[in-house]
Amino acid sequence: MRLRKRQRMAVLVLALIGIGTATALTLTAFEDNLVFFHAPTDVIAKAVPAERRFRLGGLVEEGSVQRQADGVTVTFRVTDTVTSLPVRYTGVLPDLFREGQGVVAEGSLREGVFVAREVLARHDENYMPKEVADALKAAGQFKPEPPALPRERP
Amino acid sequence: MHRYANPARTLRIVAALFPWIAGATALLFPLGLYLALAGSPADYQQGETVRIMYVHVPAAWLAMFIYSVMAVSSALALVWRHPVAELSARAAAPLGAGFTAVCLATGALWGQPMWGTWWVWDARLTSVLVLFFLYLGYIALADAFDDPERGGRAAGILAIVGWVNVPIVKFSVDWWNTLHQPASVTRLDAPAIHPDMLWPLIVMAAAFTALFTLLWMIRLRAELIERRNRVVEASLAEGLA
Amino acid sequence: MTDWIAMGGYAAYVWGSYAVTALTVAGLGLLAVVKLRRAERRAAELDALRPRPRRAGARKAGEATSLDQRPPQPGASEQGASP
């Protein structure tokens with residue numbers, strides 16, 4: 001009985017190691033499909049073919065948001081702090097869309113401009129009351145914590 | 001370990017703890033709800049939608065915690081043939097499924113105004129959906145056999161194997177880029193959440209945990225009585241035959 | 001008060017989240033209590049059917065059977081609905 005219990009435990013431990021390894025290998029193999037978006041640097045480096053749809057993610061570059069004359073089209077640049085890409089989007093922006101904040105746009109490249117079909121805002125992990133944020137800004141202490149956004153693997 | 005293996009002893013412990021857990025739940029929920037809905041500030045970015053976080057995050061923590069409880073219980077049941085362990089996993093499963101559903105639903109209700117979408121197939125959201133299906137699979141499998149012991153064993157194996165998904169849920173936001181934000185509380189340096197918002201979250205998490213424990217105890221008691229009923233039914237049938 | 005209910009324009013999302021949570025939790029509580037009640041009722045039925053106790057004087061007929069050799073705790077079955 002004692003031995004059988006030990007055998008069951010051995011089976012359990014081996015099974016856990018096996019499952020863990022198999023899962024890790026599978027996830028590593030499918031890494032490219034598991035990332036939700038690609039950073040601008042990555043997009044430029046890989047020379048994505050035009051018309052191929054993908055998601056571009058990064059931060060909305062400060063001072064880059066411009067409403068076009070038609071009132072519904074917006075242009076801005078998405079940056080990963082190394083490189084940035086221009087984006088054009090026609091439609092409603094989510095409430096969290098802001099300069100300096102994370103953004104994920106889905107669309108394709110056309111003549112160097114990323115034409116977005118959908119724009120999603122990305123929230124960072126910081127939570128604080130407005131008064132605290134204002135006080136920090138006033139004191140010049142506000143670090144918009146460059147939202148460790150484009151976490152692209154090398 | 002086998003000190004707790006005795007069903008009668010388990011029931012005595014459950015009965016002794018029950019009023020305390022019930023009292024904690026009754027105290028923590030009003031306080032937590034007050035802090036979450038009125039006694040805490042709006043967020044500088046998300047505005048009032050930050051209040052959704054106070055139910056979303058505790059539900060998410062419980063979703064992972066309950067599955068881990070089930071995996072450990074199932075391991076105790078399979079390796080040590082612990083007589084109460086399998087029932088404790090069974091008792092926890094519907095609760096885990098419920099809290100995972102709350103996590104998914106409240107996440108969608110936050111995502112729509114803030115992200116601009118109810119749902120995306122990023123690594124975090126997808127792995128939580130997988131967790132939800134693992135709970136449903138466990139519940140279905142545990143009741144799929146005429147012999148509850150076989151069902152319990154099959155479901156126990158699923159609980160243990162499926163546990164690999166729990167670290168994937170937790171670390172998906174670190175391993176891959178996702179639309180979902182990274183962890184704010186459980187990170188190596190200081191929490192990225194202001195104390196005025198951290199406290200409501202902690203109280204709500206404690207309230208959710210107390211509530212889970214309470215319901216878990218009720219279900220465990222029911223499972224133990226049901227198993228006893230089956231034994232009695234079998235002996236009665238034998239007596240009649 | 002009106003401001004509070006409006007939740008800065010996000011009332012549907014914020015209150016919706018709390019409503020979904022409350023309903024789910026209430027459902028879980030109800031299921032748990034119903035399950036316990038049913039199990040206890042069945043135990044009482046079986047107890048009544050059972051040939052007289054193996055241990056003399058252990059239980060009176062009709063008394064709910066529980067495993068903890070103590071009278072069933074009313075608190076354990078009556079509470080549990082969500083706050």
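From a predicted model like this one, the values you see are computed outputs, not experimental measurements. All values below come from the heavy atoms of this structure, side chains included, with hydrogens, waters and symmetry mates left out. Below, read A as the first sequence line, B as the second, and so on, with proteins coming before strands; counting in each chain starts at 1.
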**Student:** For B/Asp43 and A/His123, which heavy atoms make the closest approach, and how far apart are they?
**Tutor:**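 The answer is OD2-NE2, 4.3 Å.
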**Student:** Determine, step by step, whether B/Asp196 and A/Met128 satisfy the side chain to side chain contact (heavy atoms under 4.5 Å, CB included) criterion, reporting the C-alpha distance in whole Å, the side-chain angles of both residues, the deciding distance to 0.1 Å, and the verdict.
**Tutor:** CA-CA 8 Å; B/Asp196 286 358; A/Met128 67 179 100; over 6 Å; no
**Student:** Look up atom CG in A/Leu27 and atom CH2 in B/Trp175, then write down how far apart they are to the nearest 0.5 Å.
**Tutor:** 7.5 Å
**Student:** For chain A, which residues of residues 113-129 of chain B have at least one non-hydrogen atom nearer than 4.5 Å to it?
**Tutor:** B/Pro113, B/Met114, B/Trp115, B/Gly116, B/Thr117, B/Val120, B/Trp121, B/Asp122, B/Ala123
**Student:** Output yes when a side-chain donor or acceptor of B/Ser184 lies under 3.5 Å from a complementary backbone atom of A/Glu125, and no otherwise.
**Tutor:**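 Confirmed, B/Ser184 side chain pairs with A/Glu125 backbone.
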**Student:** Compare every heavy atom of B/Gln45 with every heavy atom of A/Leu96, then report the nearest pair and how far apart it is.
**Tutor:**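 Looking at all heavy atoms of both residues, the shortest contact is CD1-O, 3.5 Å.
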**Student:** Is the shortest heavy-atom distance from the side chain of B/Met197 to the side chain of A/Pro129 under 4.5 Å?
**Tutor:**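 With C-beta onward as the side chain, the pair touches.
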**Student:** Roughly how far, to the nearest 0.5 Å, is the CZ atom of A/Arg55 from the CG atom of B/Asn177?
**Tutor:**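 Nearest 0.5 Å value for the CG-CZ distance: 10.0 Å.
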**Student:** For chain A, which residues of residues 142-171 of chain B have at least one non-hydrogen atom nearer than 4.5 Å to it?
**Tutor:**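 Within residues 142-171 of chain B, the residues under 4.5 Å from chain A are B/Ile160, B/Val161, B/Val164, B/Ile168.
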**Student:** Could you tell me which portion of A/Leu16 (side chain, backbone, both or neither) has an atom closer than 4.5 angstrom to a non-hydrogen atom of chain B?
**Tutor:** side chain
**Student:** Using heavy-atom distances under 4.5 Å, tell me whether A/Val11 contacts chain B through its side chain, its backbone, both, or neither.
**Tutor:** neither
**Student:** So how far is it from B/Gln112 CD to A/Asp95 CG, rounded to the nearest 0.5 Å?
**Tutor:** 9.0 Å
**Student:** Just checking B/Phe65: does its CZ atom have more than 12 heavy atoms from other residues, nucleotides or ligands closer to it than 6.0 angstrom?
**Tutor:**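 No, the 6.0 Å shell around CZ holds no more than 12 heavy atoms from other groups.
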**Student:** At a heavy-atom separation under 4.5 Å, does A/Arg98 approach chain B through its side chain, its backbone, both, or neither?
**Tutor:** side chain
**Student:** Considering all heavy atoms of both residues, which atom of A/Ala121 and which atom of B/Leu179 are nearest to each other, and what is their separation?
**Tutor:**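 Minimum heavy-atom separation between A/Ala121 and B/Leu179: O-CD1, 3.6 Å.
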**Student:** Give, as side chain, backbone, both or neither, the part of A/Leu120 having an atom under 4.5 angstrom from any heavy atom of chain B.
**Tutor:**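 Looking at A/Leu120, backbone and side chain both touch chain B.
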**Student:** I need the B/Trp80 CH2 to A/Met9 CE distance, nearest 0.5 Å.
**Tutor:**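 Result: 4.5 Å between the selected atoms.
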**Student:** B/Gln46 versus chain A, heavy atoms under 4.5 Å apart: side chain, backbone, both or neither?
**Tutor:** both
**Student:** With a 4.5 Å cut-off on heavy-atom pairs, point out which of A/Val104, A/Leu12, A/Val92 contacts chain B the most.
**Tutor:**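 Of A/Val104, A/Leu12, A/Val92, A/Leu12 has the most heavy-atom pairs under 4.5 Å with chain B.
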